[in-house]
Structures are given as C-alpha cells and as structure tokens.
Amino acid sequence: MFQNRLAVFGACIIGTLIFVAIFASYIAPFDPCEQSLEGGLTPPSKQHLLGQDGLGRDNLSRIIYGSRISIFVGISVIGISLLLGTLIGCIAGYNPGWIDELFMRIVDILLAFPGILLAIAMTAVLGPSLNNIVLALCITGWVGYARIVRGQILTVKEREYVVAARALGANPVRIITHHILPNILSPLIVEATFGIASVILAEASLSFLGLGTQPPTPSWGSMLNEGRQFLLVAPHMTTFPGLAIMIVVLGFNFLGDGLRDSLDVRKD
Amino acid sequence: MKDFIIKRMLLLFPVVFGVLTFVFLLIHLIPGDPVDLMLGENARAIDKEKLRESLRLDEPLAVQYMLFIKGAIKGDLGESLYNKKPVIHLILKRYPETIKLTIAAMVLALLISLPIGIYSAVKQYSFMDNCSMFFALLGVSMPNFWLGPLLMILFCVNLGWFPISGDEGLRSIVLPAITLGTAMSAILSRMVRSSMLEVINEEYIVTARAKGLSELRVIFRHALKNALVPVITVVGLQFGALLAGAIITETIFSWPGIGRLLIQAINTRDYPLVQGCVLAISISYVLINLITDIAYSYIDPRIKLR
C-alpha cells in the first residue's frame with residue numbers, strides 16, 4: 001500500500017483530520033460558538049483566515065470543531081455497523097436454512113430504500129440529533145457488511161482448514177472467530193474505509209437538510225446549510241465547509257482504493 | 001426466460017410487503033404522542049381528537065396496519081395534514097418533475113462517462129487516463145449539496161446563464177441535472193473503464209484484431225457491446241439511487257419534485273405525506289431494480305441460467 005502514492009496521500013489526509021479533531025481546542029483560533037454580530041459575513045481576512053458567518057463566528061474554528069462530528073459519526077456508525085453486520089453475517093452464513101432466509105429477506109427490505117432515504121425518514125420521526133443520525137445510519141449500515149461476511153463464510157466454510165478445525169472438535173464460535181474471520185478481514189477493511197466516506201457524506205447531507213446536528217454545534221453540513229442563505233453576499237460560508245467535506249471524503253476514497261489494490265480485493 | 005421473470009416478480013412481494021410494514025411503523029416510532037408532535041402540544045383537544053380519528057390512531061395497531069395495507073393497495077395513502085389534499089394526488093403531481101430531473105441527470109452522466117471510460121481503458125495508464133480517473137474520484141467525493149451552490153454562484157450569479165431556481169423550461173434543468181449527475185458520471189466512468197479493461201484482453205478481441213479489423217471497429221463493435229453488460233446493471237441501480245439524491249438537489253434548486261415535497265412535509269410535520277413520499281420513492285426503486293434485472297437477463301442470456 002505504501003507504494004501507492006494516492007493511498008498514502010489519503011492516509012495523510014485522514015491522519016490530519018484525526019489530529020485536528022483531537023486537538024481542536026488547541027488548534028482553533030477562536031471559540032466556535034463565540035458570536036460577534038458586527039463581524040457578520042466578513043470575508044477571509046488576516047484575523048479570520050476563512051472569514052466569519054452570519055453571526056460573526058469564526059469559520060475556520062467552526063470547521064476545525066466540525067471535524068469532531070464527522071469523525072465521531074464516521075467511526076461510531078461504521079464500528080457499530082461492522083460489529084452488527086459481522087455478527088448477523090456469521091449467523092446467517094453458518095446456519096443455512098430459515099435463519100439465513102430470514103436475515104436475507106430483512107436485508108432485501110432494507111436495500112429497497114435507496115441512499116439516505118431511510119435515514120431521512122428515521123431522523124424526521126425521531127427528531128434531529130446526533131444520536132438519532134447515528135441510529136438511523138446504523139439501521140441501514142450493517143447490511144453491506146452482513147452480505148459480505150455471509151458470502152465469504154459460504155465460500156470458506158468448506159475449505160480444508162475449516163473442515164480440519166471441525167474434525168478436531170472445534171465449536172462453531174471458535175471456528176468462526178479463530179479460523180474464518182481472520183481470513184475474510186480484507187474485504188471488510190476495504191468496505192469499512194469506503195463506508196466511513198459515505199457515512200461522513202450522509203451525516204453532512206442530513207445536517208444540510210436540517211435533520212442532523214443542531215445549532216450552535218458546528219458541523220460541516222449545517223454550516224453549508226447556513227451558508228446557503230447568504231450565497232450571494234458571502235460565498236465563503238459555503239465554499240470552505242464543502243471543501244473540507246470533499247477533501248476528507250476524497251482521503252478515505254484514496255485510502256480505500258489503495259487498500260483494495262494492496263489487499264487484492266475485487267470490488268463487488 | 002418466462003420462469004425467470006415470474007420467479008423474480010414473486011420475490012418482489014415480500015420486499016414490497018416489508019417496505020409497506022416499515023413505512024407503516026414510521027409514524028409509530030415517533031417518541032410520545034404523534035398527534036402532539038403534528039399539531040403541537042397547545043392544540044385544542046377537539047382538533048387532536050379529530051386528527052387521531054382521521055389517522056385511525058385510536059384503533060388497535062393490528063387494525064391500523066390492515067387499513068394501511070388495504071389503503072396502500074388501492075392507492076389511498078391518506079390526506080395531507082398541511083395541504084388537506086389526498087397524499088397520492090400530491091405525489092402524482094410532483095413525481096413527473098423528479099423523473100424528468102433524474103432522466104436528465106442520467107443522460108448527462110452517460111454522455112460524460114461513456115467516452116471517458118472507453119478512452120481511459122484504451123489508453124490505460126496514459127496521462128489522460130490518470131487525469132480522468134483522478135477527476136472521477138473527485139466527482140464521487142464531491143457532495144452535491146456543495147456542488148449545487150458552487151454552480152449557482154458561477155453560472156447564475158456571475159455569468160447569469162441559468163435561472164437560480166424553480167422550473168422555467170429547459171434552461172432551469174441544466175444545473176440541477178449537472179449537480180445530480182456528477183457523482184453518477186464519476187461512478188460510471190470508473191465502471192466503464194474497468195469493464196472495458198476486462199473485455200479488452202479476451203481472446204475474441206485478439207481474434208478481431210488478428211482479422212485485421214480497424215481499432216475503432218474492434219472497440220465499438222466487439223469490446224463495448226460486452227463491456228456494457230455489467231454497466232447496465234449499475235445504470236439501473238444508480239437510476240434508483242438518483243431518486244434519493246434528488247431529495248437534496250431539489251431542495252437546493254427549489255425543484256418542484258417529490259424530494260422537495262418530502263422535505264416540506266418533514267418541516268411541516270405532515271407525517272402521512274412523509275410516509276407517502278418514502279413509500280413512493282422506495283417502491284419505484286424496487287420496480288426499477290426489477291426492470292434492470294429483467295433487462296439484464298435479456299442482454300446476457302447466461303443470467304437466467306443461474
């Protein structure tokens with residue numbers, strides 16, 4: 001992977017994002033919620049490098065703090081979805097019959113809702129909040145991982161090393177955790193890397209629609225939504241948060257592409 | 001072929017039934033009393049009671065469910081709380097606009113992605129190939145709720161070429177279609193390239209070249225025909241995904257489609273309309289997937305044998 005320059009570049013972007021998110025309070029030049037109405041909509045200047053928003057808050061500081069939301073949602077949604085998807089995929093893949101059928105029909109139903117439609121519907125009824133975003137995205141998030149794990153288990157469970165473990169008397173849990181899972185990790189890692197990019201975009205989309213993070217908490221999507229009202233007079237309010245989202249998503253996509261090539265995973 | 005289509009259609013029923021159940025349950029996921037949330041806690045008790053009755057929330061859950069399913073089958077999705085009109089009428093009025101936008105985005109995406117994908121595959125690892133694939137990755141990573149406003153600033157505010165919002169004929173569809181279609185064209189470019197690369201080294205292509213056919217004929221008559229088979233599936237699936245993407249694009253450009261209707265319904269807490277919009281979008285998505293599968297089996301006869 002280290003020979004793939006774009007993947008290394010992607011890893012550097014993600015490293016920077018994590019660093020910025022952790023040390024936001026030390027890096028941000030201003031309090032992200034501190035208002036100064038006389039400075040409202042000021043374009044980029046020496047003091048405020050990325051300008052100020054409608055309430056005079058420093059855009060750079062809000063973007064720096066906004067990275068925490070993206071990282072939190074990205075990691076928590078993918079972490080929970082990965083765990084849930086792996087568990088369900090293992091149960092379905094290792095137990096052909098009605099259990100497998102049941103899970104796969106649930107998967108079919110969840111896949112019938114395109115894109116973030118289900119997340120929009122869920123946050124609309126549950127109310128806009130960060131926790132509800134995580135919940136809504138997890139409900140559909142696990143499906144992809146469950147399908148990968150199930151498919152991989154169906155492929156590898158008849159391999160010789162698994163049959164040998166079974167012949168030695170290993171129980172299904174041990175076979176799955178010690179023999180099967182370590183051998184099917186590569187596609188999961190690749191999928192999770194692309195997944196974080198999608199989740200960050202989804203969170204920003206929901207916040208943009210007013211269904212996610214609520215003011216005054218800084219989030220890139222809600223910053224873009226606020227900026228939309230001042231598109232003609234203060235385009236900097238829309239430009240910089242959008243650029244931040246694109247760079248981070250691009251970083252995860254670069255890394256995902258690199259990992260796929262180096263781990264030799266065929267794209268499904 | 002007939003068996004395949006029948007089997008595929010039978011598989012549709014549990015999914016549609018599941019979608020209906022999920023959409024029905026949406027209103028029951030509301031924390032607390034849904035009527036309080038829709039009308040506000042300070043609403044008059046008589047109004048609350050009226051709404052509870054009209055939504056049949058006073059009936060047992062099983063009865064509500066049966067009535068919902070029966071109504072949905074007949075096309076009766078209730079009445080909008082805000083517009084006081086049948087939900088189905090509002091959806092049918094707005095849906096053609098979404099379809100128009102989605103088709104425009106799809107056509108645009110195909111016009112961009114096919115030449116780029118083919119050229120990149122034919123000239124693999126060339127400067128143009130690397131540039132195209134870099135921009136394709138950029139296109140996938142660019143949020144449409146950012147691209148839309150950027151296009152507005154450039155083409156509406158600075159250049160004045162297009163109207164900033166609303167439906168004013170063909171000129172007003174250009175920017176929403178670009179916004180919606182950019183990510184799609186990026187995905188398709190990558191797909192066409194990889195699909196062409198797989199085909200281009202096949203023996204029948206070597207044979208075609210050995211016969212002395214021109215490179216253009218080899219690419220367009222022999223390679224592209226087979227390379228497009230998996231691309232068609234992606235086009236079908238992405239067409240459905242565009243319906244979801246249209247929610248944001250329509251909101252940005254105030255496009256009068258079902259996506260904007262959904263967001264308006266959410267903002268006015270018009271839950272019967274939210275249910276109706278979610279149901280309409282997901283059922284269309286399921287049907288598009290079905291049509292894609294059937295079309296795919298016609299194009300590639302090996303599919304129906306599986």
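Values below: all heavy atoms of this structure, side chains included; hydrogens, waters and symmetry mates excluded. Naming convention: chains lettered A, B, ... in sequence-line order (proteins, then strands); numbering from 1 in each chain.
For B:Val157, the part lying under 4.5 angstrom from a heavy atom of chain A is the side chain only. If you measure heavy-atom distances from B:Phe17 to chain A, you find no contacts under 4.5 Å at all. Interface remark: A:Asp257 contributes side-chain atoms only to the contact with chain B (heavy atom separation under 4.5 Å). Residue A:Leu110 touches chain B through its side chain alone, counting heavy-atom pairs closer than 4.5 Å. Residue contact with chain A, scored on non-hydrogen atoms closer than 4.5 Å, involves the side chain of B:Ile263 exclusively. Interface residue A:Leu211: only side-chain heavy atoms are found under 4.5 Å from chain B. Contacts between B:Ile283 and chain A at a heavy-atom distance below 4.5 Å are absent for every atom of the residue. With a threshold of 4.5 angstrom between heavy atoms, A:Leu232 approaches chain B through side-chain atoms but not through N, CA, C or O. Of the two parts of B:Leu138, the backbone and the side chain both hold a non-hydrogen atom closer than 4.5 Å to a non-hydrogen atom of chain A. No part of A:Ala197 comes within reach of chain B, as not one of its non-hydrogen atoms sits under 4.5 angstrom from that chain. Residue B:Leu243: no heavy atom, backbone or side chain, is found under 4.5 Å from chain A. Within the 4.5 angstrom heavy-atom criterion, only side-chain atoms of A:Leu118, from C-beta onward, approach chain B. Proximity to chain A (any heavy atom under 4.5 Å) is shown, for B:Val140, by both the backbone and the side chain.
Annotation for B:Ser141 and A:Leu201: closest pair O-CD2, 4.5 Å, computed over non-hydrogen atoms. Of all heavy-atom pairs between B:Ser282 and A:Pro114, the closest is CA-CD, 4.2 Å. Heavy-atom minimum distance, A:Ile109 versus B:Val19: CG2-N, 4.0 Å. Pairing each heavy atom of A:Arg228 with each of B:Thr251, the nearest pair is NH1-O, 3.6 Å. A:Leu209 approaches B:Ile248 most closely through the heavy-atom pair CD1-CG1, 4.1 Å.
Chain B forms more heavy-atom pairs under 4.5 Å with one residue of A:Thr123, A:Val248, A:Ile247, A:Leu243 than with any other, namely A:Leu243. Between chain B and the options A:Gly210, A:Gly115, A:Ala124, A:Gly127, the largest number of non-hydrogen pairs under 4.5 Å is found for A:Ala124. Ranked by non-hydrogen atom pairs under 4.5 Å with chain B, the options A:Leu6, A:Ile106, A:Leu224, A:Leu231 are led by A:Leu231. The most heavy-atom pairs under 4.5 Å with chain B, out of A:Ile116, A:Ile200, A:Thr239, A:Leu126, come from A:Thr239. Heavy-atom pairs under 4.5 Å with chain A peak, among B:Val16, B:Asn267, B:Leu242, B:Ile153, at B:Ile153. Between chain B and the residues A:Pro235, A:Ala204, A:Pro241, A:Gly221, the largest count of heavy-atom pairs under 4.5 Å involves A:Ala204.
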>> Set out, in order, the CA-CA distance, both residues' side-chain angles and the distance that settles side chain to side chain contact (heavy atoms under 4.5 Å, CB included) for A:Phe113 and B:Ile281, then state yes or no.
In response: CA-CA 8 Å; A:Phe113 296 93; B:Ile281 296 173; over 6 Å; no
>> For a side chain to side chain contact (heavy atoms under 4.5 Å, CB included) check, start with the C-alpha distance between B:Val15 and A:Leu111, then their side-chain angles and the critical distance, and finish with the verdict.
In response: CA-CA 9 Å; B:Val15 174; A:Leu111 286 178; over 6 Å; no
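For the salt bridge (Lys or Arg N to Asp or Glu O under 4.0 Å) test, no residue two or more places apart in sequence or in another chain qualifies with B:Asp270.
Within the structure, ring pair (Phe, Tyr, Trp, His ring centres under 6.0 Å) pairs that include any residue of residues 136-161 of chain B comprise A:Phe208-B:Phe145, B:Phe155-B:Trp161 (at least two apart or interchain).
The number of heavy-atom neighbours closer than 6.0 Å to CZ of A:Phe9, taken from other residues, nucleotides and ligands shown, is 12 or below. Other residues, nucleotides and ligands place more than 12 heavy atoms under 6.0 Å from the OH atom of B:Tyr95. More than 12 non-hydrogen atoms from other residues, nucleotides or ligands lie less than 6.0 angstrom from OH of B:Tyr65.
B:Met142 is not listed as a side-chain neighbour of A:Ile245, based on a closest heavy-atom distance of 4.5 Å or more. Contact check for A:Thr238 versus B:Leu150: no side-chain heavy atoms found under the 4.5 Å cut-off.
Atoms CD1 and CD1, on A:Ile120 and B:Ile247 in that order, are 4.0 Å from each other to the nearest 0.5 Å. Here the CG atom belonging to A:Asp108 is positioned 10.5 Å from the CG atom belonging to B:Leu12, to the nearest 0.5 angstrom. Atom-to-atom distance recorded for B:Ile252:CD1 and A:Asn225:CG is 10.0 Å, nearest 0.5 angstrom.
For the pair B:Tyr271 (side chain) and A:Val125 (backbone), a donor-acceptor distance under 3.5 Å is absent.
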